[in-house]
Amino acid sequence: MTDLTEAHLLIVDDDERIRSLLQKFLVRQGFWVSAARDAAHARRLLEGLDFDMIVMDVMMPGEDGISLTQALRETLSTPILLLTAKGDTEDRIRGLEAGADDYLAKPFEPKELLLRINAILRRMPSVVEELAPKVLKLGDKHYDTERGELWQGDTLVRLTATEAHLMKIFAASAGDAVSRAALVEKLGRDQGQSQERAVDVQITRLRRKLETDPKQPRYLQTVRGAGYMLAPE
């Protein structure tokens with residue numbers, strides 16, 4: 001579990017005032033904080049430093065936050081929280097599809113940002129029973145329940161923080177359906193249809209890593225009227 005008081009955050013925002021305010025606020029909360037003015041600056045910082053989380057504005061000159069998120073996800077599993085324009089649902093969905101773990105609409109209260117950051121950083125406690133199998137076989141992949149790792153043969157499948165959380169939740173309830181509302185609650189997010197839609201997007205992304213044919217899922221199934229279920233062999 002990440003020590004939340006020692007987490008190193010990267011703030012990416014082209015607005016100097018907002019960038020400075022966020023940095024000062026989060027430092028007062030006990031975080032280590034670095035700041036970048038645009039995507040290029042963020043890339044340079046990421047080359048030399050490891051971060052526990054990235055908080056990034058969507059609307060930036062040059063490469064925007066969604067494009068940068070998508071590019072980073074090719075090699076990086078660091079949690080990403082996107083800051084979006086209020087009411088811009090399309091940007092939020094595109095951001096989740098690109099690999100973001102969550103989003104927060106501007107303007108927002110600093111306390112809400114803090115709650116979102118802590119919820120994402122907080123690792124789910126292991127709830128796998130001692131008698132449960134340590135490895136779940138999922139076709140040509142297997143999931144190590146103790147380490148929380150998904151493998152394809154000898155190759156580790158990179159999971160984002162949210163995908164790793166989802167796998168732990170499903171592994172603890174393998175063979176049983178978990179409702180979308182329960183998933184929203186276990187992920188530490190506010191209740192509501194928009195968050196359930198966000199979970200659907202995360203499930204779609206996770207299926208791409210689990211399934212041979214994500215459009216006809218065999219291992220992460222949709223149970224009509226009940227939610228989603230992990231069905232190992």
Side-chain angles (χ1 to χ4, degrees), residues 1-2 52-54 66 69-80 92-103 119-189 195-233:
M1 178 175 175
T2 300
D52 296 292
M53 186 174 172
I54 302 170
I66 292 175
T69 295
Q70 190 169 22
L72 292 178
R73 276 292 170 255
E74 294 179 4
T75 57
L76 203 66
S77 57
T78 304
I80 297 174
R92 299 176 192 179
I93 297 303
R94 285 175 57 223
L96 292 171
E97 289 175 339
D101 293 272
D102 202 358
Y103 57 79
I120 293 173
L121 287 175
R122 191 176 296 114
R123 294 294 184 262
M124 297 285 288
S126 177
V127 291
V128 180
E129 295 182 5
E130 290 184 5
L131 297 178
K134 294 182 180 180
V135 175
L136 300 179
K137 185 168 174 52
L138 306 161
D140 64 345
K141 301 178 181 68
H142 65 273
Y143 179 71
D144 186 322
T145 60
E146 287 191 337
R147 296 186 176 185
E149 295 174 343
L150 181 65
W151 293 81
Q152 183 170 15
D154 296 328
T155 303
L156 180 65
V157 178
R158 189 181 297 274
L159 299 175
T160 66
T162 300
E163 291 165 353
H165 284 185
L166 285 171
M167 282 301 300
K168 285 190 176 184
I169 295 167
F170 286 126
S173 305
D176 295 322
V178 184
S179 70
R180 295 159 82 205
L183 290 172
V184 169
E185 181 179 357
K186 289 176 184 290
L187 288 172
R189 298 180 175 178
Q195 287 293 351
E196 290 188 10
R197 168 64 179 134
V199 166
D200 291 340
V201 174
Q202 302 286 1
I203 293 293
T204 298
R205 283 174 38 207
L206 183 55
R207 278 175 171 161
R208 292 176 190 152
K209 299 181 180 180
L210 278 179
E211 306 284 353
T212 302
D213 182 0
K215 293 183 179 180
Q216 295 185 325
R218 159 68 180 84
Y219 302 106
L220 186 49
Q221 300 177 3
T222 300
V223 182
R224 187 176 296 276
Y228 299 102
M229 178 181 72
L230 187 67
E233 294 177 353

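Because the structure is predicted, anything quoted here is derived from the model rather than measured.
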Would you say the side chains of Arg207 and Thr222 form a donor-acceptor pair under 3.5 Å?
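Yes, a side-chain donor-acceptor pair sits under 3.5 Å.
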
Residues pairing under side chain to side chain donor-acceptor pair (under 3.5 Å) where one sits in residues 208-217, two or more places apart or in two chains, turn out to be Glu163-Lys209

If the condition is side chain to side chain donor-acceptor pair (under 3.5 Å), which residues does [X] pass it with, not counting sequence neighbours?
X: Asp140; result: Gln152
X: Glu233; result: Tyr219
X: Tyr103; result: none
X: Glu149; result: Trp151

Looking only at non-hydrogen atoms, find the nearest pair between [X] and [Y] and report the distance.
X: Ala198; Y: Leu96; value: CB-CD1, 3.4 Å
X: Val135; Y: His142; value: CG1-CB, 3.6 Å
X: Leu210; Y: Lys141; value: O-NZ, 3.6 Å

(Q) Test of understanding: with salt bridge (Lys or Arg N to Asp or Glu O under 4.0 Å), list the residues that count as partners of Asp200, not counting sequence neighbours. (A)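 Partners of Asp200 by the salt bridge (Lys or Arg N to Asp or Glu O under 4.0 Å) criterion, ordered by chain and then number, come out as Arg180.
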
By salt bridge (Lys or Arg N to Asp or Glu O under 4.0 Å), Arg73 pairs with (sequence neighbours left out) Asp101

Residues pairing under salt bridge (charged side-chain N to carboxylate O under 4.0 Å, His left out) where one sits in residues 169-178, two or more places apart or in two chains, turn out to be none

Suppose the criterion is salt bridge (charged side-chain N to carboxylate O under 4.0 Å, His left out): which pairs have a residue in residues 218-232, not counting sequence neighbours?
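Passing the test, one end in residues 218-232: no pairs.
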
### Candidate pair Leu150 and Tyr143, rule side-chain contact (heavy atoms from CB on, under 4.5 Å), full reasoning
CA-CA 4 Å; Leu150 181 65; Tyr143 179 71; 4.2 Å; yes

- prompt: Do Leu72 and Thr78 pass the side-chain contact (heavy atoms from CB on, under 4.5 Å) test, and can you show the C-alpha distance, the side-chain angles, and the key distance before you say yes or no?
  reply: CA-CA 9 Å; Leu72 292 178; Thr78 304; over 6 Å; no

If you measure from [atom1] on [X] to [atom2] on [Y], what distance do you get to the nearest 0.5 Å?
X: Met167; Y: Leu136; atom1: CE; atom2: CG; result: 7.0 Å
X: Leu138; Y: Leu220; atom1: CG; atom2: CG; result: 9.5 Å
X: Ser179; Y: Glu196; atom1: OG; atom2: CD; result: 7.5 Å
X: Ile80; Y: Ile120; atom1: CD1; atom2: CD1; result: 10.0 Å

Could you walk me through whether Leu183 and Gln195 pass side-chain contact (heavy atoms from CB on, under 4.5 Å), step by step?
-> CA-CA 10 Å; Leu183 290 172; Gln195 287 293 351; over 6 Å; no

Review point. Yes or no on side-chain contact (heavy atoms from CB on, under 4.5 Å) for Leu206 and Leu159, after CA distance, side-chain angles and deciding distance?
Key: CA-CA 8 Å; Leu206 183 55; Leu159 299 175; 4.0 Å; yes

| said: When you measure from the side chain of Gln202 to the backbone of Ala100, do you find a donor-acceptor pair of N or O atoms at a distance under 3.5 Å? | reply: yes

Quick check: does any side chain N or O of Lys168 sit under 3.5 Å from a backbone N or O of Phe170, one acting as donor and the other as acceptor? no

Quick one: are Ile169 and Leu230 in side-chain contact, heavy atoms under 4.5 Å?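 Of all side-chain heavy-atom pairs linking Leu230 with Ile169, none is under 4.5 Å.
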
Item to complete: Check whether any side-chain heavy atom of Asp52 lies under 4.5 Å from a side-chain heavy atom of Leu121, and answer yes or no.
Response: yes

